[in-house]
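Working notes for the structure below.
Bear in mind that the values here come from a model prediction, so they are computed numbers and not experimental data.
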Amino acid sequence: MNDKTETTAIEKAKPRAAATTHKRALQDQWKQMQAILPPNLDAGRFIAVAMLAIQRNEKLRDCSPTSFALAVMQSAALGLEVGTESYLVPYGKQVQCQPGYQGLAKLALQSGNVTDIWMDVIREGDDFEIVRGTNPDIRHTRRAPLGAEILHAYCCSRSTSGHVSFTVLDKDQLEKRRAKSMAKNSGPWSEWYEEMCMAKAVKAHAKLLPKSAMMNAAVALHDATEMGRTIPITALVGGGDND
């Protein structure tokens, strides 16, 4: 094998070696993961889904296997599946778990305080109206193409009593929240801007909902990830503090 061929072989082996190391770090937490996962989530499948994140985002391979395992465990503690309900966000050599809008909505429903929750973004060209006063309402008709600029994001919920409430964030409010993020120009804000806008709307709307320990924990984790901070597993398993 000549030098060039050997170098190529080594480079190709690096991703596989990294993936093996990260998977081993997860397997070391197998028993704890089985203990904290909800009954409807299988630990083996959960790990397999989490490992797909490394294939989709090569930056995760360069992160600490320990931080990768911790981020996956954080998602497991909340019962959120990686890649759809939560995201693994690399910050240098560390991985952070960030609940997405689907995960936040799921926890709101599981709280038993709401029977329905939905969210969307308003793009330039959509028909959109906010009605305040004694009978508040929002009216949204999609007309804009998917690539049009996002002007608002909103979240609505229906309580167990049938009451409907909503929260709307405009462009300035969304960008203000983005500006506070350590990854405002990368990661979820860069790759999944629409999803992050909806997540911010759900998070803002959570203030109007009855208190839920798991929802509070997910919101705290979402905020911590934006700031590049880590929340211990014990705080999530315990449900987090009210925010």
Side-chain angles (χ1 to χ4, degrees), residues 78-80 84-87 89 97-144 146 148-181 183-184 187-189 191-227 231 236 239-243:
L78 294 171
L80 303 180
T84 53
E85 297 168 344
S86 70
Y87 299 96
V89 184
C97 172
Q98 185 165 46
Y101 77 94
Q102 293 187 59
L104 294 174
K106 174 182 177 178
L107 294 176
L109 290 171
Q110 288 181 346
S111 72
N113 298 321
V114 298
T115 59
D116 197 7
I117 185 168
W118 61 101
M119 66 294 301
D120 205 345
V121 295
I122 308 300
R123 296 182 181 273
E124 187 173 14
D126 284 351
D127 290 340
F128 180 58
E129 181 183 7
I130 303 176
V131 179
R132 299 296 186 183
T134 57
N135 190 25
D137 192 14
I138 58 174
R139 298 161 188 169
H140 174 208
T141 301
R142 287 185 178 181
R143 299 194 185 281
L146 290 179
E149 182 183 1
I150 292 176
L151 302 179
H152 300 80
Y154 66 87
C155 177
C156 309
S157 66
R158 180 176 288 106
S159 70
T160 52
S161 65
H163 174 69
V164 174
S165 60
F166 63 87
T167 299
V168 180
L169 299 179
D170 62 25
K171 184 74 172 181
D172 288 343
Q173 291 171 309
L174 292 170
E175 285 301 310
K176 182 178 180 180
R177 285 160 171 77
R178 177 180 180 174
K180 292 181 179 180
S181 173
K184 57 181 177 291
W189 277 113
E191 299 176 39
W192 307 296
Y193 183 76
E194 178 179 342
E195 287 82 353
M196 285 298 290
C197 289
M198 289 192 287
K200 294 303 179 185
V202 179
K203 176 181 171 296
H205 187 64
K207 296 176 182 179
L208 302 181
L209 302 178
K211 292 295 183 181
S212 161
M214 290 297 282
M215 185 66 167
N216 288 343
V219 167
L221 181 58
H222 181 97
D223 286 345
T225 299
E226 288 281 78
M227 302 305 295
I231 289 182
L236 300 181
D241 299 321
N242 286 344
D243 182 41

Looking only at heavy atoms, which two atoms of [X] and [Y] are closest? And how far apart?
X    : Y    : result
L104 : A218 : CD2-CB, 3.8 Å
T225 : C97  : OG1-O, 2.5 Å
L80  : P99  : CD1-CB, 3.9 Å
A206 : M215 : CB-CE, 3.8 Å
K106 : G79  : NZ-O, 2.8 Å
C197 : A153 : O-CB, 3.5 Å

Student check: side-chain heavy atoms of L209 and V114 closer than 4.5 Å: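 In short, these two side chains touch, coming nearer than 4.5 Å.
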Can we say [X] and [Y] salt-bridge, meaning some charged N sits less than 4.0 Å from an Asp/Glu carboxylate O?
X    : Y    : result
R132 : D137 : no
R143 : D127 : yes
E226 : K203 : no

Atom pair CG (L174) and NZ (K171), whose distance is rounded to the nearest 0.5 Å: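 Going from the CG atom of L174 to the NZ atom of K171 covers 7.0 Å.
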Centroid-centroid distance, H205 to Y154, less than 6.0 Å: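 No; Y154 has its ring centre 6.0 Å or more from that of H205.
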Which residues share a salt bridge (Lys or Arg N to Asp or Glu O under 4.0 Å) with E195, sequence neighbours left out: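 By the salt bridge (Lys or Arg N to Asp or Glu O under 4.0 Å) rule, E195 matches no residue at all.
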D223 side-chain N/O to A220 backbone N/O, donor-acceptor pair under 3.5 Å: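 Looks like no, no N/O pair under 3.5 Å.
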